[in-house]
Asker: 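Dropping a structure here in structure tokens format, bear with me for questions.
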Amino acid sequence: DTAVSQTPKYLVTQMGNDKSIKCEQNLGHDTMYWYKQDSKKFLKIMFSYNNKELIINETVPNRFSPKSPDKAHLNLHINSLELGDSAVYFCASSYQGTSTDTQYFGPGTRLTVL
Amino acid sequence: AQSVTQPDIHITVSEGASLELRCNYSYGATPYLFWYVQSPGQGLQLLLKYFSGDTLVQGIKGFEAEFKRSQSSFNLRKPSVHWSDAAEYFCAVSGYSTLTFGKGTMLLVSP
């Protein structure tokens with residue numbers, strides 16, 4: 001069974017469109033995250049949610065809106081896509097979101113904006 | 001603010017040779033340190049982590065890392081590299097409930 005899953009794996013779209021990426025974890029964790037990995041492989045935290053509540057919101061454009069319908073799901077909706085949004089987006093989860101928790105990562109979603 | 005530096009963008013090692021990947025961190029308190037591996041087209045997998053205690057930590061796949069507070073380092077080692085170890089390796093420091101990653105080191109394994 002996949003611990004952290006994301007859909008879709010690949011997403012190709014035009015500038016200006018709105019798209020969503022879904023993430024689900026079956027580990028029973030309380031905390032979930034979204035990371036962005038740019039073309040140089042640099043990974044940066046975007047958001048984290050603990051038990052459906054937003055905990056971390058880094059300096060991300062407000063075109064990005066995370067939504068957590070329950071603690072097993074954290075979706076990422078992106079409005080008015082721009083070329084610079086092209087990246088690999090990783091979802092992750094951890095037990096309680098403390099500094100000593102291991103984060104478990106999904107396989108990533110490669111977003112290409114044309 | 002916490003930060004991680006991985007000075008080597010890529011390293012090439014012959015199969016069977018030993019490996020050391022460097023990682024230096026900056027953090028004001030006791031650091032919680034991690035090494036993750038990312039195979040091509042895959043997510044990140046935890047290799048090992050350090051919180052406290054013994055400064056030499058063992059991980060999966062035969063990897064180990066040594067925490068040296070005086071040098072602010074947490075270098076990853078493996079005595080004998082296999083072709084399947086070719087991947088991107090990320091060092092990370094955890095603080096204030098966020099993981100801060102280095103820019104990664106790409107490991108290439110030559111026959």
Asker: Is A:D101 close to chain B through its backbone or its side chain, or both, or neither, when contacts mean heavy atoms under 4.5 Å?
Answerer: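 Interface part for A:D101: backbone (N, CA, C, O).
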Asker: Answer with side chain, backbone, both or neither: which region of B:K49 has an atom nearer than 4.5 Å to a non-hydrogen atom of chain A?
Answerer: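 Contact with chain A involves the side chain of B:K49 alone.
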Asker: If you measure from OG1 on A:T102 to CG on B:L46, what distance do you get to the nearest 0.5 Å?
Answerer: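 One gets 5.0 Å once the value is rounded to the nearest 0.5 Å.
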Asker: Counting only heavy atoms closer than 4.5 Å, note whether B:Q42 contacts chain A via side chain, backbone, both or neither.
Answerer: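 For B:Q42, the backbone is the part near chain A, not the side chain.
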Asker: Distance check, rounded to the nearest 0.5 Å: A:T100 atom OG1 versus B:Y32 atom OH?
Answerer: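 Here the interatomic distance stands at 6.0 Å.
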Asker: Less than 4.5 Å apart, side chain to side chain, heavy atoms only: is that true for B:L99 and A:Y35?
Answerer: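 Yes - at least one pair of side-chain heavy atoms lies under 4.5 Å apart.
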Asker: OH/A:Y104 to CD/B:Q45 distance, rounded to the nearest 0.5 angstrom?
Answerer: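 Here the rounded value is 10.5 Å.
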Asker: Going through the distances and angles, do A:L43 and B:L44 end up as a side chain to side chain contact (heavy atoms under 4.5 Å, CB included)?
Answerer: CA-CA 11 Å; A:L43 267 162; B:L44 280 77; 3.5 Å; yes
Asker: Is B:Y36 close to A:Q103 at the side-chain level, that is, under 4.5 Å between some pair of heavy atoms?
Answerer: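 Side-chain contact under 4.5 Å: yes.
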Asker: Which atoms of A:Q37 are under 4.5 Å from chain B, going by heavy atoms: the side chain, the backbone, both sets, or neither?
Answerer: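 Side chain of A:Q37 only, per the 4.5 Å heavy-atom cut-off to chain B.
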Asker: Using a 4.5 Å cut-off on heavy atoms from C-beta on, say whether the side chain of A:K41 contacts that of B:F101.
Answerer: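 They are not in side-chain contact.
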Asker: Please round to the nearest 0.5 Å and tell me the distance separating atom OG of A:S99 and atom OH of B:Y27.
Answerer: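 A:S99 atom OG to B:Y27 atom OH measures 5.5 Å (nearest 0.5 Å).
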Asker: Give, as side chain, backbone, both or neither, the part of A:K44 having an atom under 4.5 angstrom from any heavy atom of chain B.
Answerer: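 Contact with chain B involves no heavy atom of A:K44 at all.
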